[in-house]
Amino acid sequence: ISGSLQVPNACTAVSASAALAGNASSTEGILVAISIQPDSGVCLQLSTQANFQTTISAPANLPFTVTVNGSEATVAPS
């Protein structure tokens, strides 16, 4: 799973993880959790695109939910 999102500047760190949602008998979807860490130091405050990538083994065609720092995000298909 890969994508990009707008961040405040090029020094902003972005990480992503993916997990199966549901219980042991029923997989309901995939949760992609993206974390944006504030930059530490001097950086030109010019917003930019940051890429992320994560890997998970899951059945095909599962729906997915994306969160950014714990809040659900709107996803635009590519």
Grab the two heavy atoms, one from [X] and one from [Y], that are nearest each other, plus how far apart they are.
X: Thr54; Y: Ala18; value: OG1-N, 3.5 Å
X: Ala33; Y: Thr67; value: CA-OG1, 3.5 Å
X: Val68; Y: Ala73; value: CG2-CB, 3.9 Å
X: Thr12; Y: Gln37; value: CG2-O, 3.4 Å
X: Asn9; Y: Gln45; value: ND2-NE2, 3.0 Å

Okay, side chain of Asn69, backbone of Ile36: is any donor-acceptor separation there less than 3.5 Å?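 Looks like yes, one N/O pair under 3.5 Å.
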Do Ile30 and Leu20 come close enough that some side-chain heavy atom pair is under 4.5 Å?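 Counting from C-beta outward, Ile30 and Leu20 do come under 4.5 Å.
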Nearest-0.5 Å distance, OG of residue Ser4 to CZ of residue Phe52: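 Taking OG in Ser4 and CZ in Phe52, the distance rounds to 7.0 Å.
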Indicate if Ile1 and Val75 have the same hydrophobic cluster label, given that clusters are the connected sets of ILVMFWY residues with side-chain heavy-atom separations under 4.5 angstrom.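 They do share one cluster, since a chain of ILVMFWY contacts under 4.5 Å joins Ile1 to Val75.
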Is there a continuous path of hydrophobic side-chain contacts, each under 4.5 Å between heavy atoms, that joins Leu31 to Val14?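 No; tracing contacts between hydrophobic side chains, which count when under 4.5 Å, never links both residues.
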